[in-house]
Amino acid sequence: MERLPDQLRGRGSPMTAHRFGSVLTTLLDHLSDPIRSSVVQHIKRFLMETANISDLGRQDLEDLCQIAEYAMTQATDGLAQFQHDANALGLTGRGGYSRLITAIENYVDDLLLSFGVDEKEVLITFGLRLGHAGSMGRFHIDIPFNVLFVPSRWYILIHEVGHIAWMRKFGWMPESLAMFEALEDETPYEEEIPPGAPIPRTRLRAEFIRTREIIRELFPNLLVYLITCGADIKKFDRLSLRHILSHSRPGHGTRELLIAVVLNCVLTIAGDARRNGKDWMAAFLREWSEEEINERVKVSVSHVSMALNLPPSDSLPQHVRNTIGNKQTLVTSPPFSNSVGETVRSVLAVLQHLSKMFAKEENKPEPLAYALFTDLEQAVDTLINEQDNVKNWKDNGFTDWLIGGDVLAVSPGAHVWAKLLHDSRDDIKVSSAPAFMMSQLSTILSIFHRAAVSRGNRDKAAEQVLKRLLRLRLVKRKVFSTVAT
Amino acid sequence: MSELETPYTFKIPLLNRALHFDFLRLRCGTEEAFHQAVVAMHPALEGRPLTFVAMSEWDAVVMLPATELYPEVLTRFYDNYDIDSKIAGTAGYFGYLWDHELNKHLDSKLKGFQECGIGLIISLRFEDWVRRELGLGAEILFCDWLQRHLAQRNAAMPPEPREPLSALVAHTLGWNDIVCVLHAQAVEDELLRLQSEMRLLTLRDLLPPDADAARFINRYDQTPIFAASYTHLIGGYEALIRGNLAMGKLAEWVLNARLLVRVAPALEWRVRREIERLSGNEVLAADMPTEMGHYTFSADITGLVKKHGGVPAMKLLSDIRSFIGQESATETEPKVYDSYAETTTA
């Protein structure tokens, strides 16, 4: 216990460190008590064999907290009638986080509404699904606690909303049939593989699954790339490689590395198509020549390799630096580039099949898929265009507002927050500890206020509250020192 | 230019400090050792959590000024065996503060709260309509009201001590909309008045004197704004250990005071008799009603609270907890104190 604070320093968020400390403290407390100790012995054995702190990554620590808390609650359930003073665990026993729930639900509802999903389809849970920065299930979107307290990482919710929006529009389509046909074209049958060919069957299966996974993840990542990163592929690379850059274990990240390069390639194609004008989503699904693909793969490999460059001053431990160095070697190796090329070709082939389903033929009624696809494109464009409304905020010291503790009385939508916070994240991170805390609180409270005063008819209700607050001289208008052109 | 292009912000920003509140159940008899272990964390007061006695279901309150959420010192606090082995249960919350006049001089105020006088921690939750109609504006309105109110009260009092009533107001990301730490020196009876006023505040009370309440929110101007409250009486730890923690003038307002005790069956009558002895036979062992719920028995200590500003009652509380701790701890060294036994003052 004496060494624990030192061991936890710098390993994940301070909140996770505190949570982990609380788990161990609670366990020790149970163990030192004649009644409670008898029911938690198995957890002690589990933690003694598992929890070598120096081997744990950021997500591991969070996952371990979740498992241990859950197991402990389960083990001590029923003791409350005898010992109502049993140590409160984690955050739930520390006054709750109901305002965070309100804020984050509002953030997600905002995005869903933009894609025409106005029913309350999902709840946000925290730390329920392990090993993921974000995930979604039938009834929920799950994020870890270390994302919950850091709004600049709420872009993860945009990704999850992307899944919901896509499924909502196209879940009815027989996507599997078309996709499987395309994938079959790309992956040769076993009998088609010449004898002695160096392609084992397992690899074919892996590529099949991988391509399907990338297709499934494409639209959510497209949203993050366009809305959070402002179509800046370098920024997107940093996000998609984040878990590789922060992981300390050498075995992790190879699979994600390939996906990161493929996404870099396909999203750059999408970004270029959007810059060329209307109907960009259809344009990006069009056929690409072998030459074009090869050229783009080369550029993407180079981009991702550069994104893995660590600044010399970075305080990462040497073993993490070595792991990342190995990843860089891997990404620039010819076999890896070939693998990326194959995967990109598979993905684009499937996208071409999709484009046929979304196409409108001349002199024929507009098919439903075409209309929905157009709606989706318009929704994305609207979100991006609305970000322009506040483009002068950054020039007028948005980061300073946040770290100075300004709370917005009229808060913008989630898509605006996502980009503003992402653009400011580096500046906020290098600022002092109080400044980081202030930025967290300012954002959470701004979004909470909007959620609290909005109700159903959100803009109208919020407008009335604003008028009321103005009359009471509780709010003021920000004065810009410069005028952006 | 749309409203979003030049945003509206609240009239004051957040303070760049926060306050962690943790409520602790201490194992009976460990109070002094607990306080010494906290003091040993850091020689200077700055940088270590501030501990207070709590007269509620909890035994101690820890207040920790912080510049980040979940600061390292909190992890150090709970990962210190000398502290942790004295604790039987914890709960708490993180509180943020507005950079309001009321919250100026945070550190020196907290230090003052710890050194002398007694105080209240009042957690309050707004009615839903308050959050809906005013959002975070309600928090600032409350701070403005309390600032005005305290200024008026202090102005009407003798010149010494200089600021007999003072307060800090925090807000949480969880259930409590307002966490008010009220402190009184020499005018302890004012705490009770303020607490009552606060709990029954209406929107009409809260609005500035020049505002027409009816014009703002017609339906609600006479309705209390708080849905729930929870109050702890707090005092400095060292005064309790020294046996001179006093409730001052607040003691005169106490109509009924009870000490609730939970101990193992084998210890019950020994504790009853010890309370009788410690009270100078003022509270008799046979007159202590048996409790059917969480506690084993209770003792009416109203008479002791009313004497000498409540000092005898506080001393009884401290001594009986030490007695229970000694009687129920293990015989082996270092002693392990029982987490089952507990006391509550009501």
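Side-chain atoms are counted along with the backbone in the values below, which use heavy atoms only and exclude waters and symmetry mates. Numbers restart at 1 for each chain; the letters A, B, ... are given by sequence-line order, proteins then strands.
Heavy atoms closer than 4.5 Å to chain A are found in the side chain of B:Trp98, but not in its backbone. Using a 4.5 Å cut-off between heavy atoms, B:Asn16 touches chain A through backbone and side chain atoms alike. Contact of B:Glu68 with chain A is made through backbone and side chain together, with heavy-atom distances under 4.5 Å. Contact annotation for B:Asp128: neither backbone nor side-chain heavy atoms come within less than 4.5 Å of a heavy atom of chain A. Interface remark: A:Leu100 contributes backbone and side-chain atoms alike to the contact with chain B (heavy atom separation under 4.5 Å). With a threshold of 4.5 angstrom between heavy atoms, B:Ala18 approaches chain A through its backbone and through its side chain. With a 4.5 Å cut-off on non-hydrogen atoms, B:Phe10 touches chain A through its backbone and its side chain both. If you measure heavy-atom distances from A:Leu441 to chain B, the contacts under 4.5 Å come from both the backbone and the side chain. Using a 4.5 Å cut-off between heavy atoms, A:Leu445 touches chain B through backbone and side chain atoms alike. For a residue to count as touching a neighbouring chain, one of its non-hydrogen atoms must lie under 4.5 Å from one of that chain's; by this rule A:Ile403 does not touch chain B.
Electrostatic pairing of B:Asp144 and A:Arg473 does not count as a salt bridge here, judged by no charged N lying under 4.0 Å from a carboxylate O.
Between B:Tyr70 and B:Phe94, the angle of the ring planes stays under 30°, which puts this pair in the parallel group of the 30/60° scheme. Taking the six-membered ring for Trp and thresholds of 30 and 60 degrees, B:Phe21 and B:Tyr93 have ring planes inclined between 30 and 60 degrees apart. The aromatic rings of A:Phe398 and A:Trp393 sit parallel, their planes meeting at an angle under 30°, below the 60° perpendicular limit.
No side-chain donor from either of B:His100 and B:Gln147 sits under 3.5 Å from a side-chain acceptor of the other. No hydrogens or angles considered: nothing links the side chains of B:Arg125 and B:Thr172 as a donor-acceptor pair under 3.5 Å.
Residues A:Glu62 and A:Arg19 form a side-chain contact, since some pair of their non-hydrogen atoms from C-beta on lies under 4.5 Å apart.
Heavy atoms only, all atoms of each residue included: A:Ala414 and A:Tyr107 are closest at CB-O, 3.4 Å.
Of the listed residues A:Ser446, A:Ala433, A:Ala103, A:Ala435, the one with more heavy-atom pairs under 4.5 angstrom with chain B than any other is A:Ala433.
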